[in-house]
2 protein chains.
Amino acid sequence: MAENMPTNSSGGESLLYLTDEQLRKGIEAMFFAYRGFTADPDRILENMDYGRAHHRAVHFIHRSAGTTVGNLLAILGVTKQSLNRVLRTLFDDELVEARVGKKDKRERHLHLTEKGRALERALSDAQRSRMRSAYRAAGPQAVQGFRTVLEAMMDPELRRQFQGLVETGQ
Amino acid sequence: MAENMPTNSSGGESLLYLTDEQLRKGIEAMFFAYRGFTADPDRILENMDYGRAHHRAVHFIHRSAGTTVGNLLAILGVTKQSLNRVLRTLFDDELVEARVGKKDKRERHLHLTEKGRALERALSDAQRSRMRSAYRAAGPQAVQGFRTVLEAMMDPELRRQFQGLVETGQ
DNA sequence: AGGATATGTCAGCCTTGTTGACATTCCAAG
DNA sequence: CTTGGAATGTCAACAAGGCTGACATATCCT
């Protein structure tokens, strides 16, 4: 319905990749790929009492050991009540521990316990394994492009988070 | 923690892109990019009584006009109860209509109404706009790689869905 | 006629998000 | 040294959107 026509506004080189149809394909590719992306960890989680929210928390606590609750809130983009529900179960099950900040005693610095690291490893092994296959099948050139487009798709603020321009605070 | 070392099992060319660290970056890129990917339609939806589930339904009914309920179930990967809750509101609000199949009268073939097409356009305009910016910023080469990696990440069955090897049934 | 298929629906449950209100502890500036 | 604001935790209530199980109806196909 009035799609498909490349908006051939600029001159020379092929802009066919900016066609509405190509963009739609890209959108659906994101949708289906994200399903695959989460499928393996989800399978592991569903046997335990955890869900994707726990995965995300564990992942980022692993990545940024010693991060504060506030920092985690900013990264995950959920409310503190929502995060707290997750963190509480992780504390109770001794996967994560919170250490009172030395400089600022109001802050809680989060760390995985040995048990927590074990779960993290199981989850990320599964997820990395799929990622590795995809990367290998696609080749370094494609991976480069993959990363470039993904970064361009992020909100600027999140892109900064991603690029690690946010300090942990101790 | 015993990461970071490239598994330099094979010989010559650089396999640095298969490093655990690089894979972790890819995983987080997916996470943050998906947030951006859904952000714009979500903003539109939150003013109405709809959510992401409605968006998905409307998208795929648009893409495959006349598809059946069963087909949609397969594509979306949810239960019929879950889909039905969504479809019912779309029928009630006259965004979607169901036509009894001509060959097989058990089937319901789904179509967007004019009103439905309007919503679809609003949503996909927003989503495509971000996609287009990302594509343009990254360039055709990168887009090619982006698509290649995403396809490699899908479950094989979903990849077939994506590549459109599934007929609609009328 | 009878089994299989496509769809719809009721009821109930879970996870994970939300808002609002409030308490505690601690830092930092006046 | 007091006081406002920051970082955190918690209670309660609610909503969206998944899920299972059970059942009903219409239709097709053998």
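These numbers come from the heavy atoms of this one structure, side chains and all, not from hydrogens, waters or symmetry mates. Protein chains get the first letters and strands the later ones, always in sequence-line order, with residue 1 at the start of each.
For DNA chain C, none of the residues of residues 29-44 of chain B falls under the heavy-atom distance limit of 4.0 Å. Contacts of residues 89-96 of chain B with DNA chain D (heavy atom under 4.0 Å): none.
Between Arg117(B) and the options Val58(B), Leu112(B), Ile61(B), Leu95(B), a side-chain contact (heavy atoms from CB on, under 4.5 Å) holds for only Leu112(B).
The stretch residues 57-66 of chain A participates, sequence neighbours left out, in these salt bridge (Lys or Arg N to Asp or Glu O under 4.0 Å) pairs: Arg63(A)-Glu28(B).
Rounded to an integer number of Å, the gap from Leu110(B) CG to dA6(C) P is 14 Å. Leu73(B) places its CG atom 9 Å from the P atom of dG8(C), with the value rounded to the nearest Å. As a whole-Å value, the separation of Glu46(B) CD from dG17(D) P is 12 Å. Atom P of nucleotide dG17(D) and atom CZ of Arg88(B) are separated by 14 Å, given to the nearest angstrom. Taking atom CG of Leu87(B) as the reference point, atom C1' of dA16(D) lies 16 Å away to the nearest angstrom.
Rounding to the nearest 0.5 Å places CZ of Arg24(A) at 10.0 Å from CZ of Arg128(B). With rounding to the nearest 0.5 angstrom, the CG atom of Asp104(A) is 9.5 Å from the OG1 atom of Thr68(A). In this structure, Met30(A) CE and Ile27(A) CD1 are separated by 10.0 Å, a value rounded to the nearest 0.5 Å.
Defined by atom type and a distance below 3.5 Å, a donor-acceptor pair is present between the side-chain atoms of Glu151(B) and Gln163(B).
Of the possible polar contacts, none joining the Arg108(A) side chain to the Ala98(A) backbone as a donor-acceptor pair under 3.5 Å is found. A donor-acceptor pair under 3.5 Å links the side-chain atoms of Lys115(A) to the main chain of Asp93(A), judged by distance alone. Side-chain atoms of Arg99(B) never come within 3.5 Å of backbone atoms of His111(B) as a donor-acceptor pair (strictly under, hydrogens ignored).
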Under a 4.0 Å heavy-atom criterion, the protein footprint on nucleotides 25-30 of chain C, written with B, S and -, is BBS---

Protein heavy-atom contacts under 4.0 Å, written 5' to 3' over nucleotides 16-21 of chain C as B (base), S (sugar-phosphate only) or - (none), form the string BBBBBB

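In this structure, the side chains of Asp40(B) and Gln127(B) stay at 4.5 Å or more apart for every pair of heavy atoms.
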Arg130(A) vs Asp155(B), salt bridge (Lys or Arg N to Asp or Glu O under 4.0 Å): CA-CA, chis, key distance, verdict: CA-CA 10 Å; Arg130(A) 180 185 293 253; Asp155(B) 276 335; 3.0 Å; yes

Donor-acceptor pairs under 3.5 Å, side chain of residues 82-92 of chain A to any protein atom, not counting sequence neighbours: which ones?
from: Thr89(A); atom 1: OG1; to: His54(A); atom 2: NE2; distance (Å): 3.2
from: Thr89(A); atom 1: OG1; to: Val86(A); atom 2: O; distance (Å): 2.8

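You'll find the ring centres of Phe31(B) and Phe60(A) inside the 6.0 Å limit.
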